[in-house]
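Every value quoted in this text rests on a predicted model; they were computed, and no experiment measured them.
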Amino acid sequence: MQVSLAELQTSLCRLITTRDGLKRIGDDCDSTSGDTGVSVRGDSRLSAIDRVNIYANAYFYRLLDCLHEEFPATFAVVGANCFEVLVREYLLACPPTEPSIFYAGRHLHGFLRKHPLVERWPFISDLAKLERSVLDVFHAAEASALSSEAMRAIPSQQWSRIGLKTHPAVEIVRNQWRVTDILGAVENGREWRGPAHRKSTVIVWRQHAKVHYRDLEDVEAKALALLSEGARFADICEVIAALATRTEHVALIGRLLAQWLADGIIMRSDAMPTTSPTTL
């Protein structure tokens, strides 16, 4: 039976990327493989299944290498063997749907929530979520952050009306475990330890092509949550003042604003991103 190039490509993709496809061709090695419309034939050197497996293995191990690079701390915690099994199961449950490999691991932390690995490492989903945020922030759109000089150039009587928002390369991550210590230990080649089981809010941001992250105190977390939705400077001050003691809230507002400006994580609400997200 003659098939078009598009049919051939679609069928081979199914054989290479799905367990059921490989099973079908394994059952019918030297003839057209069922409903796929593809004739895969073996010879004295390689069977049909072996031929397809060359490509299937290359496909899998390329994705495995990619996910290892994206989730180094998750890999360090579960070990090479468990990580390989995890990736196989994940790709079968959540096969890539985009041409770019950048999107392949975006659902891993959600997949881990109900995976048996959480019985041994209950923090593993939070860790993978933080690592994915680091990747997303690295590839986020570029924009002009509000600088200390630009803020000082605005007359002080106008500050209360300034509309602010977080930079596109900023994510606020909420976890049930303090996993920043694990990620930091792995990145710096230190031995990691199990994290505290305590709710945490983490800011992940990019500055000068490098991604940073840190745990937030409650006051700053609530202020940044408001900023992420877009807010006037006066609204941010009200949130901080309501959560801080009366004697320290002015100093705290000044300290947080100085920190945000230095880190390059806020911008005017009327500013626009200058580039689209980068993908691999």
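- Taking both residues in full, the closest heavy atoms of His249 and Ala244 are given as CB-CB, 3.9 Å, listed atom of the first, atom of the second, then distance.
- Put simply, CD on Gln259 and CD1 on Ile203 are 9.0 Å apart, with the number rounded to the nearest 0.5 Å.
- Although no hydrogens or angles enter the test, the distance criterion places a donor-acceptor pair under 3.5 Å between the side chain of Asp43 and the main chain of Arg45.
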Name every donor-acceptor pair, under 3.5 Å, that has one atom in a side chain of residues 215-226 and the other anywhere in the protein, sequence neighbours excluded.
| unit_1 | atom_1 | unit_2 | atom_2 | d |
| --- | --- | --- | --- | --- |
| Asp215 | OD2 | Thr180 | OG1 | 2.7 |
| Asp218 | OD1 | Lys222 | NZ | 2.7 |
| Asp218 | OD2 | Lys222 | NZ | 3.1 |
| Glu220 | OE1 | Arg214 | NH1 | 3.0 |
| Glu220 | OE2 | Arg214 | NH1 | 3.4 |
| Glu220 | OE2 | Arg214 | NH2 | 2.8 |
| Glu220 | OE2 | Trp260 | NE1 | 2.9 |

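- Separating the CG atom in Leu252 from the CZ atom in Arg255 is a distance of 5.0 Å, to the nearest 0.5 Å.
- A donor-acceptor contact shorter than 3.5 Å is absent between the side chain of Asn175 and the backbone of Ser200.
- Ring planes of Phe233 and Trp159: perpendicular class, angle over 60° (limits at 30 and 60°).
- Sorted by first and then second residue, the pairs that involve residues 225-234 and meet salt bridge (Lys or Arg N to Asp or Glu O under 4.0 Å), not counting sequence neighbours, are Arg232-Asp235.
- Looking only at side-chain heavy atoms (C-beta outward), Val134 and Phe138 stay at 4.5 Å or farther from each other.
- Side-chain atoms of Glu70 and Leu67, non-hydrogen and from C-beta on, do get closer than 4.5 Å to each other.
- With sequence neighbours left out, the ring-ring contact (aromatic ring centres under 6.0 Å, His included) criterion links Trp192 to no other residue.
- Within a 6.0 Å sphere centred on CG of Asn81, other residues, nucleotides and ligands contribute 12 heavy atoms or fewer.
- The side-chain hydrogen bond (donor to acceptor under 3.5 Å, both in side chains) with Thr74 is formed by just one residue from the set Arg132, Glu131, Lys129; it is Glu131.
- Residues forming a side-chain hydrogen bond (donor to acceptor under 3.5 Å, both in side chains) with Glu187 (at least two apart in sequence, or on another chain): Tyr213.
- Taking CG of Leu130 as the reference point, atom CZ of Phe123 lies at 12.5 Å (rounded to 0.5 Å).
- The line from CG of Leu146 to CZ of Arg268 is 7.0 Å long, rounded to the nearest 0.5 Å.
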Output a table of donor-acceptor pairs, distance under 3.5 Å, between side-chain atoms of residues 104-120 and any protein atom two or more places apart or on a different chain; print 'none' if there are none.
| unit_1 | atom_1 | unit_2 | atom_2 | d |
| --- | --- | --- | --- | --- |
| Arg106 | NH2 | Thr97 | OG1 | 3.4 |
| His115 | ND1 | Leu117 | N | 3.1 |
| His115 | NE2 | Glu89 | OE1 | 2.6 |

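- The closest donor-acceptor contact from the side chain of Gln176 to the backbone of Lys199 lies at 3.5 Å or more, if one exists at all.
- For the side-chain hydrogen bond (donor to acceptor under 3.5 Å, both in side chains) with Arg206, the lone residue among Glu171, Glu142, His167, His212 that qualifies is Glu142.
- Follow the hydrophobic side-chain contacts under 4.5 Å out from Val250 and you never reach Val239; the two are in separate clusters.
- At a threshold of 4.5 Å between non-hydrogen side-chain atoms, the residues Phe102 and Pro96 do not count as touching.
- You'll find the side chain of Val173 reaches within 4.5 Å of the side chain of Val204, heavy atoms only.
- Using a 4.5 Å cut-off on side-chain heavy atoms (C-beta onward), Pro72 and Phe75 make no contact.
- Hydrophobic clustering (side-chain heavy atoms under 4.5 Å, transitive across Ile, Leu, Val, Met, Phe, Trp, Tyr) groups Ile124 together with Phe83.
- Considering only heavy atoms from C-beta on, Phe60 comes within 4.5 Å of Arg88 through its side chain.
- For Gln158, the CD atom is densely surrounded, since the number of other residues' heavy atoms within 6.0 Å is greater than 12.
- Taken from CG in Leu63 to CD1 in Ile101, the straight-line distance is 5.0 Å, to the nearest 0.5 Å.
- Residues that satisfy the ring-ring contact (aromatic ring centres under 6.0 Å, His included) test with His208, not counting sequence neighbours, are absent from this structure.
- In this structure, Val85 is not a member of the same hydrophobic cluster as Val87, with clusters built from ILVMFWY side-chain heavy atoms closer than 4.5 Å.
- Contact record, Ala169 with Val137: O-CG1, 3.4 Å, taken as the closest heavy-atom pair.
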Original post:
What do the steps show when you test Ser47 against Asp50 for side-chain hydrogen bond (donor to acceptor under 3.5 Å, both in side chains), and what is the final call?
Top reply: CA-CA 5 Å; Ser47 68; Asp50 289 335; 3.1 Å; yes

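- Put simply, CZ on Arg178 and CG on Asp126 are 12.0 Å apart, with the number rounded to the nearest 0.5 Å.
- For the residue pair Pro168 and Ala143, the shortest heavy atom distance occurs at CD-CB, 3.9 Å.
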**OP:** Apply the test side chain to side chain contact (heavy atoms under 4.5 Å, CB included) to residues Ile182 and Arg193: give CA-CA distance (whole Å), side-chain angles for both, the deciding distance (0.1 Å), then the verdict.
**Re:** CA-CA 7 Å; Ile182 297 181; Arg193 296 181 179 180; over 6 Å; no

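- No donor-acceptor pair closer than 3.5 Å links the side chain of Glu69 to the backbone N or O of Leu64.
- Looking at every heavy atom in both residues, Ile236 comes nearest to Ala231 through CD1-CB, 3.9 Å.
- Between Val179 and Pro195 there is a side-chain heavy-atom pair separated by less than 4.5 Å.
- Between Ile162 and Leu164 the shortest side-chain heavy-atom distance falls below 4.5 Å.
- Residues Ala76 and Val186 come closest through the heavy atom pair CB-CG2, 3.9 Å.
- Using modelled atom types, no side-chain atom of Asn53 and backbone atom of Ala56 make a donor-acceptor pair closer than 3.5 Å.
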Original post:
Where do Ile172 and Val202 land on the side chain to side chain contact (heavy atoms under 4.5 Å, CB included) test, with the steps shown first?
Top reply: CA-CA 6 Å; Ile172 307 298; Val202 183; over 6 Å; no

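- Cluster annotation: Leu183 is not connected to Val170 through the hydrophobic network of ILVMFWY side chains, with a link wherever side-chain heavy atoms come within less than 4.5 Å.
- With hydrophobic clusters built from ILVMFWY side chains whose heavy atoms lie under 4.5 angstrom apart, Tyr59 shares a cluster with Tyr55.
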